[in-house]
Protein chains: 2
Amino acid sequence: MESSSYEFLRGTLKTIVLKLLAEQGRMYGYQITQSVKERTGGEILLTFGALYPVLHKLEQEGMLVTESEEVEGRLRKYYSVTPLGSQTADEKVSEFERFVGLMRILLQSPPDVALGQ
Amino acid sequence: MESSSYEFLRGTLKTIVLKLLAEQGRMYGYQITQSVKERTGGEILLTFGALYPVLHKLEQEGMLVTESEEVEGRLRKYYSVTPLGSQTADEKVSEFERFVGLMRILLQSPPDVALGQ
DNA sequence: TTTGTATATATAAGATAGTTATATATTTTT
DNA sequence: AAAAATATATAACTATCTTATATATACAAA
């Protein structure tokens, strides 16, 4: 990841990956990084060092399943969501919206009481 | 911190603390935790183990200054933002909004193309 | 009276998550 | 022939956060 808003990405990676897979169907690792890059106009760049541990953990937790397929002589590993993964994706998206609501309360500027003066 | 949306809080603590101090003027540690708790209806609970390291780091970075004052026989440490801290608070709030915009692009449900059928 | 709760600041130990660097290998473009 | 893009993955390191601990006062309840 790059750019300045990356500190905020901490903790959102799992949600991004799960939701993307729930929406797009099966994808392989490289494809996930490219999809995130394209959809955000290059502003969010997932690193493999972050992505693969997340994919492996989600697989361990029963959120994802994998199939390996030979494409052009190379093994490619596809990841897709399980029903649990799909449900969790929806839950995490709701939680994120709730979190943004709380953050807005904390970060909003105080109302300018002198405006009517 | 408690509740389920806490994974998303990772990386937002500095922003919350800076913005709160920029807005409210000087505050002491305990007061910051109480203010966050009240404003979020108890949904975000800052722990001291997270708060104090952040306050000390922001002080080191020149974002905050401290004054110690004796209140009811005890020393109380007040933190307030410097001009740099105030400017950084605004920047971080903008960055957060930009980040939320990017997240929405990634997390939005795909348009239901079959609706017109 | 002593136990618990609230107020108040802070550090230490440990866990988790993420970044950067590295290894490996093929295909396509320059 | 070299560089860039495609492709998966691990290792070392760092930052951040959680949980536990230490210290101390004031007040309310049992």
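For clarity, every value in this text was computed on a predicted model and none was experimentally measured. Throughout, a chain's letter reflects where its sequence line sits, starting with A, and its residues are numbered from 1.
The nearest whole Å value for the distance from the CZ atom in A:Phe48 to the P atom in D:dA11 is 18 Å. Rounded to a whole Å, the CD atom of B:Glu67 is 17 Å from the C1' atom of C:dT9. Spacing between atom CD1 of B:Ile44 and atom P of D:dT18 amounts to 11 Å, rounded to whole angstrom units. What separates CD of B:Glu70 from P of D:dT25 is a distance of 13 Å, to the nearest Å. Between A:Lys37 atom NZ and D:dA7 atom P there is a gap of 13 Å when expressed in whole angstrom units. In this structure, OH of A:Tyr52 is placed 16 Å from C1' of D:dA11, rounded to the nearest angstrom.
A sub-4.0 Å separation between OP1 or OP2 of C:dA8 and a side-chain N or O of B:Tyr28 is present. When the side-chain nitrogen and oxygen atoms of A:His56 are compared with OP1 and OP2 of D:dT8, none of them lie within a distance under 4.0 Å.
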Look for any protein N or O under 3.5 Å of an N or O in nucleotides 14-17 of chain C and output each such pair with its distance, or none.
unit_1: C:dA17; atom_1: OP2; unit_2: A:Lys57; atom_2: NZ; d: 3.3

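Applying the salt bridge (Lys or Arg N to Asp or Glu O under 4.0 Å) test to B:Glu91 and every residue at least two apart in sequence or in another chain returns nothing. Listed by chain and number, the residues in a side-chain contact (heavy atoms from CB on, under 4.5 Å) with B:Val54 are B:Leu13, B:Lys14, B:Val17, B:Leu58 (sequence neighbours excluded). The side chain to side chain donor-acceptor pair (under 3.5 Å) test applied to A:Arg39 returns A:Glu23, not counting sequence neighbours. Applying the salt bridge (Lys or Arg N to Asp or Glu O under 4.0 Å) test to B:Lys57 and every residue at least two apart in sequence or in another chain returns B:Glu61. Residues passing the salt bridge (Lys or Arg N to Asp or Glu O under 4.0 Å) test with A:Arg104, sequence neighbours excluded: B:Glu97. For B:Glu59, the salt bridge (Lys or Arg N to Asp or Glu O under 4.0 Å) criterion is met by no residue, not counting sequence neighbours.
Using a cutoff of 4.0 Å between basic side-chain nitrogens and carboxylate oxygens, B:Arg76 and B:Glu70 are not scored as salt-bridged.
An angle of 10°, rounded to 10°, separates the two end axes of the helix from C:dT1-D:dA30 to C:dT30-D:dA1, each defined over five pairs.
A:Gly29 comes within contact range of the sugar-phosphate backbone alone, with a heavy-atom separation under 4.0 Å but no base atom that close.
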Anything under 3.5 Å between a donor and an acceptor, one on a side chain of residues 29-37 of chain A, the other on a protein residue two or more places apart or in another chain? List them.
unit_1: A:Gln31; atom_1: OE1; unit_2: A:Tyr28; atom_2: N; d: 3.1
unit_1: A:Thr33; atom_1: OG1; unit_2: A:Tyr30; atom_2: O; d: 2.6

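Among C:dT7, D:dA7, D:dT6, the nucleotide with an atom closest to any side-chain atom of B:Gln34 is C:dT7.
Each of B:Tyr30 and B:Lys77 was assigned the nucleotide of DNA chain C with the nearest heavy atom; the assignment lying further toward the 5' end belongs to B:Tyr30.
Of all heavy-atom pairs between B:Met63 and B:Thr88, the closest is SD-OG1, 3.4 Å.
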